[in-house]
Amino acid sequence: MRSKWAVVTSSIAVVAALGLIEAPAQAYGPTANSLGCRLYFGDAGTGSSPTTWSDTFGLTLSPATPAPGQTVTVTLTAAAGPLNGPAPLVAGDVPVVATVALGGSQSGTVTLNLAPYPTSAKDPYTPLGAISATGTFVAGPTAGAATATVTRVKFANTTAATYCSNAGDRDHKAAPQASTIVEAFNVFDGSATVTAVTGQTVTTHARAGDTVTFAVAGLAPGATLTASLRDGAGAGTGEGSGTGSTDGSGAGTGTIAVPAGATTGVRSVAVSDGVNTVLAPITILGTPTIAINPGGGGAGTSVAVTGTNWNPGSSVAIRGYQALAGPPPPNPTGDAPVTITASASGGISTTYTVNAPATAYLGASSGVGPGTLFAIANWAASADACVAKTGAATTGTCSLTYNLSQTVTAGNLAMARAAGSGNISLSGVTLDGTVHTSTGTLPVITVTDYRGSTFGWSLVGTLTDFTGTPGGTIPKANLSWTPACTGTAGATNAVTAAAGTAGPVNGATLCSAPADAAGTGGSFDASAALALTVPAHQQAGSYSATLTITLS
């Protein structure tokens, strides 16, 4: 690492080009601003070489409106970075460490890091490049307005560190002055629930024409509320128009009618007081359906009947119907109906025995009057005997059909490795004051998927820190891998498994196979090249760690 480095006076102000892209909510910038910087040799004493770092800075929080207890990611960006001093730099010479102070309803500091920096070698007096330093904090229990203020940015060369804070600050290391890079945010603890749905016995589902009643808490006191149906995350184009109001405590109620043509599936009721929005989950039901298997047969045939989008908890009648001879619905046959109760998600499943030879449809109905729900499926009746030719006729045919059944039993999703391959030795290193890379190989793991399903699978690695004897620790983050995944030689596979991305091992995917509606399965071999970064001054000894590969 260089023994001297300084930010020199810079008048560069890079203005970001803005297109038709919505800026992140609750984001400072991109805004032209300046920080004052000072170099401290040996990271002690009084600084020297005062300079100004002019750039285009941004400060973002995600989520922009966190709830108490939610983890918030803070990101500081700079478009160009400061200018290098008189000495060239290699990549990674000056990692960035920024300090952000929290105020208002929140307290404490957040440390943001960018290592390594710069990303490539830099000549003297050239911009060091864009900065994006990140860190996290957990929103505290107190809701309300808060601020995040950049108080200091340190370029962390260990022998000559540069500190930057408010422009004109004279002692950035000992007593940094808060900069004008400040982002206001709000910790919000509001909520919404669905309390009733007309036409339903549950509060989790609704269909077009139903009225949804909702309750809210934690919104603005005495506010007029607006509501609409949006996607499950509260995004997308709103559908419907609901209203409500809150009392002096910010609690309230309202209603929204589900409009005709509303998007079906998992949705949310989004309620706003004009500033904050809260969401209540709801599923919008579509047109009821019925499916039968088999689709035809003779007297006595047992039919599996399934369906979707029925009112949850409602009574649904299954029966046979004759061919349509006039206005719908068709007349029922003499076979007795079977009554079932729709599931909590609106599904139905039962069996129905067809005896009447006049059956042309199997149908399901629920409710009475104009609100009756009805769906039918065609039924192909067949007899156990037929006449091919009558009298002296010379042409004509007839057929008898048979329903064949076959049971295919599912196998297992499993993995195995070669006997005795559970120990992996990485190449040894000899300390010489530089960072070393120790290498090794994860032996082949064979994954077999004989479930006969449409499901996928994945292999994920988890790792402990390397602990040394007699002492010392190498962080687990220092072990990376380059995964490989191929079909086992000679295997016929329904899908193609994919190797994970090269990088740190802990929590990473070694190999995975996708789900596929057409069917999955096969045999696959997964392995990886391993590389362990050993710090330059690591304590000598024998190190070990545990790598766990999990199949799911």
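Just so we're clear, the structure is a prediction, and the values are computed from it rather than from any experiment.
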Does any part of the side chain of [Y], heavy atoms only, come nearer than 4.5 Å to the side chain of [X], both counted from C-beta?
{"X": "V150", "Y": "L112", "result": "no"}
{"X": "N166", "Y": "P176", "result": "no"}
{"X": "V275", "Y": "F188", "result": "no"}
{"X": "I131", "Y": "L76", "result": "no"}
{"X": "L114", "Y": "S132", "result": "no"}
{"X": "N478", "Y": "P535", "result": "yes"}
{"X": "D273", "Y": "L225", "result": "yes"}
{"X": "V187", "Y": "P68", "result": "yes"}

Is a side-chain donor or acceptor of [X] paired with a backbone partner of [Y] at a separation under 3.5 angstrom?
{"X": "Q106", "Y": "T142", "answer": "yes"}
{"X": "T482", "Y": "A502", "answer": "no"}
{"X": "Y117", "Y": "G129", "answer": "yes"}
{"X": "T509", "Y": "C511", "answer": "no"}
{"X": "N506", "Y": "A477", "answer": "no"}
{"X": "T520", "Y": "S453", "answer": "yes"}
{"X": "Q177", "Y": "R152", "answer": "no"}
{"X": "N157", "Y": "V94", "answer": "no"}
{"X": "T203", "Y": "V197", "answer": "no"}
{"X": "S272", "Y": "T277", "answer": "no"}

Shortest non-hydrogen contact between [X] and [Y], atoms and distance:
{"X": "L463", "Y": "A545", "result": "CD1-CB, 4.2 Å"}
{"X": "T60", "Y": "A27", "result": "CG2-CB, 3.5 Å"}
{"X": "W53", "Y": "P82", "result": "NE1-N, 3.4 Å"}
{"X": "P118", "Y": "D93", "result": "CD-N, 4.1 Å"}
{"X": "A526", "Y": "L510", "result": "CB-CD2, 4.0 Å"}
{"X": "V258", "Y": "A206", "result": "CG2-CB, 4.0 Å"}

Once side-chain contact (heavy atoms from CB on, under 4.5 Å) is applied, do any residues pair with [X], and if so which ones, sequence neighbours excluded?
{"X": "T546", "result": "T464, T548"}
{"X": "T255", "result": "T211, T213"}
{"X": "V138", "result": "T71"}

Separation between [atom1] of [X] and [atom2] of [Y], rounded to the nearest 0.5 Å:
{"X": "L530", "Y": "T441", "atom1": "CG", "atom2": "OG1", "answer": "6.5 Å"}
{"X": "K476", "Y": "T462", "atom1": "NZ", "atom2": "OG1", "answer": "8.5 Å"}
{"X": "N84", "Y": "L128", "atom1": "CG", "atom2": "CG", "answer": "5.0 Å"}
{"X": "T126", "Y": "L83", "atom1": "OG1", "atom2": "CG", "answer": "7.5 Å"}
{"X": "Y28", "Y": "L59", "atom1": "OH", "atom2": "CG", "answer": "8.5 Å"}
{"X": "S438", "Y": "F466", "atom1": "OG", "atom2": "CZ", "answer": "8.0 Å"}

Applying side chain to side chain contact (heavy atoms under 4.5 Å, CB included), run through Y543 and T467 and close with a yes or a no. CA-CA 5 Å; Y543 288 81; T467 56; 5.7 Å; no
With distance as the sole criterion, is a donor-acceptor pair present between the side chains of S179 and S165 under 3.5 Å? no
Quick one: do the S343 and S345 side chains pair a donor with an acceptor below 3.5 Å? yes
Step-by-step side chain to side chain contact (heavy atoms under 4.5 Å, CB included) determination, S62 to V72: CA-CA 6 Å; S62 179; V72 182; 5.9 Å; no
Qualifying residue, where the test is side chain to side chain contact (heavy atoms under 4.5 Å, CB included) with S268 and the options are V194, L279, I282: L279
Side chain to side chain donor-acceptor pair (under 3.5 Å) evaluation trace for T75 with T134: CA-CA 4 Å; T75 303; T134 61; 5.4 Å; no
Decide yes or no on side chain to side chain contact (heavy atoms under 4.5 Å, CB included) for V278 and N276, but give the supporting numbers first. CA-CA 7 Å; V278 289; N276 294 304; 5.9 Å; no
Test L459 against L551 for side chain to side chain contact (heavy atoms under 4.5 Å, CB included), laying out the working first. CA-CA 5 Å; L459 286 177; L551 173 63; 3.7 Å; yes
Sequence neighbours excluded and cut-off under 3.5 Å, please list the side-chain donor-acceptor pairs for residues 237-247, or say none.
unit_1 : atom_1 : unit_2 : atom_2 : d
E239   : OE1    : T263   : N      : 3.0
E239   : OE1    : R267   : NH2    : 3.3
E239   : OE2    : T263   : OG1    : 2.7
T246   : OG1    : A220   : O      : 2.6
T246   : OG1    : G222   : N      : 3.1
T246   : OG1    : A223   : N      : 2.8
D247   : OD1    : S249   : N      : 2.9
D247   : OD1    : S249   : OG     : 2.7
D247   : OD1    : G250   : N      : 3.3
D247   : OD1    : A251   : N      : 3.1

Ring-plane angle category for W457 and F524, please: parallel below 30°, perpendicular beyond 60°, tilted otherwise. tilted
List in chain and number order the residues that pass side-chain hydrogen bond (donor to acceptor under 3.5 Å, both in side chains) with N311, two or more places apart in sequence or in another chain; answer none if no residue qualifies. Q200, R207
Show every salt bridge (Lys or Arg N to Asp or Glu O under 4.0 Å) that has at least one partner inside residues 221-236, sequence neighbours left out. none
